[in-house]
Amino acid sequence: MDRIRFRHTLLKLGVVVLAAVALTARPAAAAEFTPGAPGLGDPFFPLAGNGGYDVGHYSLAFTYDPSTRQLDGTATIHATATQDLSRFDLDLRGFDIGRLTVDGAPATFTRDGQELVITPAAGLPAGAAFTVVVGYRGVPSIVTDPDESIEGWVPTDDGAFVVGEPQGSPAWYPANDNPRDKATYDFTVTVPAGLTVMANGVLDSQTTASGRTTFVWRATSPMAPYLATATLGRFDLTQTTLRGGLPSYVAVDPTLSTASVLKKLPDIVDFYSSIYGLYPFEAVGAVVDDAKVVGYSLETQTKPVFDRVPDEATLAHELSHMWFGDSVTLTEWPDIWLHEGFATWSEWIWSEHTGRKSAHKWFKTLYNTPAQDTAFWTPPPGNPGTAVYLFNGTIYSRGAMTLQALREKVGDGVFFKIMRDWAADHRYGNVTTQQFIALAEQDSGLQLDHFFNVWLYQPEKPTSW
Ligand SMILES: [Zn+2]
């Protein structure tokens with residue numbers, strides 16, 4: 001932690017010095033090719049992502065053998081330089097690097113923690129498209145987060161449970177691991193025959209030869225790197241087509257008793273489409289695994305992954321993230337309530353829609369928590385303070401209460417317009433809390449600074465708003 005802060009400080013100083021040089025001593029015509037930043041400066045994960053380029057597409061091809069836990073892969077990354085680039089980083093944890101080329105020419109590289117530092121044979125001019133090919137091999141790792149939860153590539157008894165929020169994706173592929181750099185993906189994954197690979201998007205092909213099966217998945221909508229998965233193991237895979245021709249892929253570990261809850265999936269998707277607007281992606285589904293050591297489920301794009309058979313609220317929660325989290329994604333991690341508050345409120349509105357407890361009653365039940373219960377009311381959802389509280393209960397519960405309080409303040413007509421506008425205006429984009437407040441004020445015609453200040457930023461139980 002200290003090392004990261006130190007490096008970040010150095011980086012900032014470097015930028016200041018470069019800016020000063022640029023102002024005073026820039027030569028008339030010579031392009032200055034400079035290294036891309038090793039991180040994008042997120043308040044919680046400053047080294048996540050990298051500066052100087054933007055990824056358009058990842059093509060990930062690898063074999064994985066659960067008996068040896070060995071991954072042998074080639075990542076082909078299509079990107080565009082956003083500065084005159086002498087050098088750039090990818091995020092990758094562990095692995096031995098084999099072939100590494102930029103635009104077909106061998107590039108040199110060094111390793112520094114999670115940074116794979118690549119120096120191409122020639123500088124990359126700003127605006128130029130370029131292709132990086134990284135051959136890599138090794139045992140993918142489990143990443144432990146500041147809140148002690150685990151993520152990354154988590155082996156199971158028959159494969160692996162693959163989840164990357166907020167920083168686990170570089171445990172299995174080289175990435176520009178920041179939610180601001182969305183890209184399309186394809187996955188070509190080869191495993192021992194009998195296993196199934198569940199990656200994002202649409203299943204393009206599945207071919208078996210010589211005792212091995214190769215799955216090709218294509219994710220054609222922009223996706224933040226942390227939402228990628230290639231969860232694999234023994235699964236019963238059910239492929240169907242939902243209303244509007246949407247392909248659905250539901251995979252269930254055959255050791256788990258049949259999850260009738262999954263029959264609700266089409267209705268849940270229909271309902272959220274009716275209140276939030278069109279489903280944003282090319283496919284939908286769910287992956288239900290036996291991976292209880294993980295302790296949570298995740299909204300991996302187009303097919304959330306569950307570490308056990310989910311209850312209906314959890315299924316609804318993860319599906320609602322397709323709109324809020326996956327399509328409309330935070331810019332910086334402290335704004336995580338824009339995902340978790342929205343998904344928790346979505347559980348409540350599904351409950352209300354199905355004739356069970358209303359969102360108002362969910363709000364009331366939680367609001368009755370005494371102000372003295374500081375663990376319930378702090379940290380406030382708009383300001384988790386540290387990465388330790390990124391997925392703290394308040395982010396979910398007070399985040400959802402914020403939306404229900406807004407609903408009751410502006411009325412259903414305006415409230416649902418805000419939710420639809422939010423999903424439509426920022427589809428596939430990145431957002432901030434300030435943008436949400438601005439939209440709520442615009443749609444309602446109300447001045448809501450006090451309302452959001454009390455609900456999102458004050459570290460005690462709100463009493464008037
Ligand atoms: Zn969630």
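From a predicted model like this one, the values you see are computed outputs, not experimental measurements. Atoms within each ligand, like the ligands themselves, are counted from 1 in listed order.
- With 2.8 Å as the limit, H339 does not count as an N, O or S neighbour of the Zn ion (ligand 1).
- You'll find the ring centres of Y64 and W172 outside the 6.0 Å limit.
- Taking the centre of each ring, W323 and Y279 come in below the 6.0 Å mark.
- With the Zn ion (ligand 1) as vertex, H317 NE2 and H321 NE2 subtend 100°, rounded to 10°.
- By the neighbour-count criterion of 12 heavy atoms within 6.0 Å, atom OH of Y389 is sparsely surrounded, having that number or fewer from other residues, nucleotides or ligands.
- In summary, the aromatic rings of F215 and F187 are positioned with their centroids too far apart to meet the 6.0 Å limit.
- Between the Zn ion (ligand 1) and E318 there is no N/O/S contact shorter than 2.8 Å.
- Restricting E340 to its N/O/S atoms, the shortest distance to the Zn ion (ligand 1) is reached by OE1.
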